[in-house]
Amino acid sequence: MKKILIIACVLLINFSCNKKISQWENYNEEVEINTNKTNKNPKLRFKRIQSISNDKNNFIRGFENQISDFLEKRYETLKPYILEKSIPELQQSIIDKNFNYYELTLFYLTRIYLIEFDKANYLNSIISINKEVLNQAKLRDMEGNSDIYSIFGIPILLKDNIGFETLPTTAGAYSLRKNYTSNSFVTEQLIEQGALILGKTNLSEWANYFCSGCPNGYSALGGQTLNPYGRKIIDTGGSSSGSGVATTSNLASVSLGSETSGSILSPSSSNSLVGMKPTIGNVSRSGIIPISSTLDTAGPMTRNVIDNIIVYNAINGYDSDDTYSKKNEDINLSNIQNYKPTDIKLGYYKDYYENDEEYKSAIDFLKDNGINLIQIVPPKVNFNGFIKILDEDMRIDLKKYLSSYGNESLEVSDLQSIIDYNNLDSIERSPYGQGIFKKIIKDTMAKGEFLKLKSRLMSEGNKFYNTPLDKYDLDAVLSINYFQSSYAAAAHNPALSIPIGLRDNNEPVGLTIIGKSNSEQRLYEIGYFFENVFSGRIPPENSK
């Protein structure tokens with residue numbers, strides 16, 4: 001009988017066979033749901049927290065023994081070497097043989113288990129895990145690396161609208177749960193440079209362009225992403241919610257998000273992270289589930305500026321399959337680290353300065369450090385119709401994606417078929433409805449009118465920033481969080497969010513630096529200087 005039990009344990013890899021590893025079981029969340037019904041923020045009045053469509057136990061299935069041994073022998077020892085450390089620091093520790101890429105990867109898998117399987121502290125930041133990642137880490141150890149500014153061997157999480165052939169690319173949607181597809185262009189770039197794809201992060205379903213008024217960070221497959229600075233109390237931001245929450249919680253070294261209008265800047269600000277929304281065309285969109293071919297981009301989300309640059313340099317580049325793609329230069333790290341902002345001139349907004357304490361504190365700090373700052377008032381522009389860009393592009397672009405990249409076994413092919421599919425079981429597949437999808441189907445625009453709208457909005461977006469930039473000869477303007485992200489989106493301008501501390505309610509805040517197209521080098525120079533003199537990132541309790 002004992003022999004039979006041992007064989008069963010080996011064959012089934014059952015969690016109960018290992019006393020130190022617990023199995024996740026969904027629980028009755030009715031009390032939590034009812035408590036949040038009175039939240040002042042309507043977007044935090046959740047209808048569901050846990051996913052009923054995705055088995056969380058799959059995250060660590062097959063890794064139980066490694067995690068158990070690691071917890072017993074190495075986890076506590078390695079915490080000071082890994083938690084909150086930058087890529088250069090991690091690479092140097094590996095060169096110094098404090099640990100290796102295998103142990104670094106196993107450290108993050110262990111953190112995912114410790115946090116996401118804790119019913120009092122879980123965050124729903126992950127959708128899936130790469131089952132080959134430990135074997136791939138062993139290969140990186142065999143190959144070796146001497147460049148501390150390299151992505152080589154570094155575990156990275158991808159927002160689950162970015163193609164990775166080992167895992168389904170779902171956008172959080174039940175209808176795409178079996179969408180095994182090819183690598184996106186940026187995923188190929190990361191793998192070619194030795195990065196380890198740890199897994200996929202949760203997101204606002206369909207990149208926050210699906211249901212009307214639904215919470216940031218909810219998806220059918222991932223459940224409700226929760227902010228570690230205040231679970232169920234503070235918004236995660238969206239749509240790259242899981243990338244923000246996982247990265248700030250040290251569940252990976254770095255992550256990729258995607259942005260159409262605020263979807264990197266918002267969760268980066270909400271999770272005390274550095275987030276770069278690049279110039280449209282500097283980072284490929286091929287193989288990423290789209291909202292808008294006019295405005296979409298992928299970008300890095302990290303705990304510090306240097307890591308952000310390393311990831312940006314790994315993913316920027318020309319892609320012949322992307323109509324907006326163009327050749328561009330890597331960020332010069334030497335210039336970043338030796339930057340002296342003696343001649344820098346920045347604009348800041350009068351309204352934010354007068355009404356936001358954290359913004360005012362950051363501006364005053366820069367003034368005290370000798371930065372030339374000019375108070376500006378944003379010019380009035382005609383931005384009516386911005387949402388129509390998203391509507392018209394998504395109708396066309398999503399259909400193209402499903403035709404070109406979608407798995408042939410999918411039961412959906414366009415917006416209408418997705419709506420119909422979800423209607424078969426709306427309780428599981430679309431508990432917040434499908435308001436945005438239905439609006440896109442119903443409210444169409446003639447092609448000629450659409451092209452005129454895009455041209456006007458790009459012109460108005462550029463006017464919004466170029467007027468003060470040119471008038472005062474500014475290097476960049478300083479905004480807050482994801483405010484004004486739609487103008488940057490329409491203008492195709494880059495924007496970099498830098499942490500500037502926490503509000504009284506523990507909510508993180510970000511200073512957002514916005515420049516003209518292709519000014520990433522200057523934005524990183526400003527951001528690196530600011531980060532080093534201001535130290536605005538405050539880790540959540542789970543990472544201290």
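Keep in mind that the numbers below use all heavy atoms, side chains included, and drop hydrogens, waters and symmetry copies. Residues take their numbers from the sequence shown, with the count starting at 1. Fair warning: this is a prediction, and the values are worked out from it, not measured in the lab.
- No side-chain donor-acceptor contact under 3.5 Å links Tyr528 and Asn304.
- Checking each of Asp296, Asn208, Thr297 against Thr260 for a side chain to side chain donor-acceptor pair (under 3.5 Å) leaves exactly one that passes, namely Asp296.
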Dump the intermediate steps for side chain to side chain donor-acceptor pair (under 3.5 Å) on Thr294 and Asp393, then the final yes or no. CA-CA 7 Å; Thr294 307; Asp393 272 349; 2.6 Å; yes
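- A donor-acceptor contact closer than 3.5 angstrom links the side chains of Asn202 and Ser219.
- For NZ of Lys131, the number of neighbouring non-hydrogen atoms (other residues, nucleotides, ligands) closer than 6.0 Å is greater than 12.
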Would you please test Phe483 and Tyr349 for side chain to side chain contact (heavy atoms under 4.5 Å, CB included) and show each step? CA-CA 11 Å; Phe483 299 173; Tyr349 291 101; over 6 Å; no
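- Applying the 6.0 Å contact sphere to OH of Tyr218 captures more than 12 heavy atoms from other residues, nucleotides or ligands.
- Side-chain atoms of Asp319 and Ser284 form a donor-acceptor pair, as typed in the model, at a separation below 3.5 Å.
- Side-chain polar atoms of Glu116 and Ser125 form a donor-acceptor pair below 3.5 angstrom.
- Crowding of Lys439 atom NZ: a count of heavy atoms from other residues, nucleotides or ligands under 6.0 Å exceeding 12.
- Using cut-offs of 30° and 60° for the angle between ring planes, the Tyr352 and Tyr359 rings count as perpendicular.
- In this model, no donor atom of one side chain and acceptor atom of the other lie less than 3.5 Å apart for Ser497 and Ser268.
- Gln193 contributes no side-chain N or O that, together with a main-chain N or O of Leu190, makes up a donor-acceptor pair within less than 3.5 Å.
- Judged by distance alone, with hydrogens and angles left aside, the side-chain atoms of Thr170 form no donor-acceptor pair with the main-chain N or O of Arg177 at under 3.5 Å.
- A donor-acceptor contact closer than 3.5 angstrom links the side chains of Ser293 and Asp397.
- Counting only N and O atoms by type, the side chains of Asn216 and Asp235 include a donor and acceptor under 3.5 Å apart.
- For the residue pair Thr302/Asp307, the side-chain donor-acceptor check at 3.5 Å is not satisfied.
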Pairs under 3.5 angstrom only: tabulate donor-acceptor contacts from the side chains of residues 147-158 to other protein residues two or more places apart or in another chain.
{"residue": "Asp147", "atom": "OD1", "partner": "Tyr149", "partner atom": "N", "Å": "2.9"}
{"residue": "Tyr149", "atom": "OH", "partner": "Gln337", "partner atom": "NE2", "Å": "3.1"}
{"residue": "Ser150", "atom": "OG", "partner": "Phe152", "partner atom": "N", "Å": "2.9"}

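- For the atom pair Asn179 CG and Thr169 OG1, the distance stands at 6.0 Å (nearest 0.5 Å).
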Between Asp443 and Lys388, does a salt bridge (charged side-chain N to carboxylate O under 4.0 Å, His left out) hold up when you go through it step by step? CA-CA 9 Å; Asp443 186 15; Lys388 287 303 296 177; 3.7 Å; yes
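- Under the side chain to side chain donor-acceptor pair (under 3.5 Å) rule, Thr248 has a single partner from Arg303, Glu84, Arg537, which is Arg537.
- For the residue pair Ser243 and Thr201, a side-chain donor N or O sits within less than 3.5 Å of a side-chain acceptor on the partner.
- Tyr174 and Asn422 are not linked by any side-chain donor-acceptor pair at a separation below 3.5 angstrom, with hydrogens and angles left out of the test.
- Dense packing is recorded around CG of Asn382, with more than 12 heavy atoms of other residues, nucleotides or ligands lying under 6.0 Å away.
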Using the rule given for side chain to side chain donor-acceptor pair (under 3.5 Å), can you reason through Tyr465 versus Asn493, listing the C-alpha separation, both sets of side-chain angles and the distance that settles it, and then say yes or no? CA-CA 9 Å; Tyr465 290 112; Asn493 289 350; over 6 Å; no
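- Listed for the Lys345 side chain is a donor-acceptor partner under 3.5 Å among the backbone atoms of Tyr472.
- In this structure, Leu496 CG and Ile498 CD1 are separated by 4.0 Å, a value rounded to the nearest 0.5 Å.
- Remark: the Thr247 side chain and the Ser255 side chain contain an N/O donor-acceptor pair separated by less than 3.5 Å.
- Tyr405 and Tyr401 have parallel rings, their planes meeting at less than 30° on a 0 to 90° scale where 60° marks the start of perpendicular.
- Taking OG from Ser413 and OH from Tyr421, the interatomic distance works out to 13.0 Å, rounded to the nearest 0.5 Å.
- Side-chain contact check for Asp414 and Ser417: at least one donor-acceptor pair (N or O, by modelled atom type) lies under 3.5 Å.
- Other residues, nucleotides and ligands contribute more than 12 heavy atoms inside 6.0 Å of the CD atom of Glu143.
- Judged by distance alone, the side chain of Asn130 and the main-chain N or O of Ile197 form a donor-acceptor pair under 3.5 Å.
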Start with the C-alpha distance between Glu525 and Gln521, add both sets of side-chain angles, then the distance that settles side chain to side chain donor-acceptor pair (under 3.5 Å), and finish with yes or no. CA-CA 6 Å; Glu525 289 168 353; Gln521 176 77 36; 3.1 Å; yes
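- Taking CD1 of Ile127 as the reference point, atom CG of Asn58 lies at 13.0 Å (rounded to 0.5 Å).
- The backbone N or O of Gly515 sits nowhere less than 3.5 Å from a side-chain atom of Arg522 that would complete a donor-acceptor pair.
- Lys200 places a side-chain N or O within 3.5 Å of a backbone atom of Ile162 that can act as its donor or acceptor partner.
- Taking all atoms of both residues into account, the shortest heavy-atom contact from Leu167 to Ile129 is CD2-O, 3.4 Å.
- With hydrogens and angles disregarded, no donor-acceptor distance shorter than 3.5 Å links the side chain of Asn135 to the backbone of Glu132.
- Between the side chains of Lys516 and Thr279, no donor N or O sits under 3.5 Å from an acceptor N or O.
- Asn481 places no side-chain N or O within donor-acceptor distance of the main-chain N or O of Ser269, the cut-off being under 3.5 Å.
- In this structure a side-chain-to-backbone donor-acceptor pair under 3.5 Å is missing from Ser543 to Pro539.
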Before you tell me yes or no, could you show the steps for Leu196 and Arg140 under side chain to side chain contact (heavy atoms under 4.5 Å, CB included), namely the whole-Å CA-CA distance, both residues' side-chain angles and the distance that decides it to 0.1 Å? CA-CA 9 Å; Leu196 295 167; Arg140 299 295 182 269; 3.8 Å; yes
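- Put simply, CG on Leu410 and NZ on Lys178 are 10.0 Å apart, with the number rounded to the nearest 0.5 Å.
- Between Tyr101 and Asn145, the side chains place a donor N or O and an acceptor N or O closer than 3.5 Å (distance only, hydrogens not considered).
- Contact of the Leu251 side chain with the Ile112 side chain is registered, since non-hydrogen atoms from C-beta on lie closer than 4.5 Å.
- Side-chain atoms of Ser258 and Lys159 include a donor-acceptor pair closer than 3.5 Å.
- At a cut-off of 3.5 Å, with distance as the only test, a side-chain donor of Asn316 or Asp330 sits close to an acceptor on the other residue.
- We find the CD1-CG distance between Ile289 and Asp160 to be 7.0 Å, quoted to the nearest 0.5 Å.
- Ring geometry for Phe529 against Tyr339 counts as perpendicular: the plane angle is over 60°, on a 0 to 90° scale with 30° as the lower cut.
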Residues Ser182, Glu165; criterion side chain to side chain donor-acceptor pair (under 3.5 Å); working and verdict: CA-CA 5 Å; Ser182 57; Glu165 62 185 5; over 6 Å; no
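- In this structure, the side chain of Ser204 does not engage the main chain of Ala207 through any donor-acceptor pair within 3.5 Å.
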Could you walk me through whether Val477 and Gln484 satisfy the side chain to side chain contact (heavy atoms under 4.5 Å, CB included) test, starting with their C-alpha distance in whole Å, then the side-chain angles of each, then the deciding distance to 0.1 Å, before giving a yes or no? CA-CA 11 Å; Val477 296; Gln484 304 172 341; 5.6 Å; no
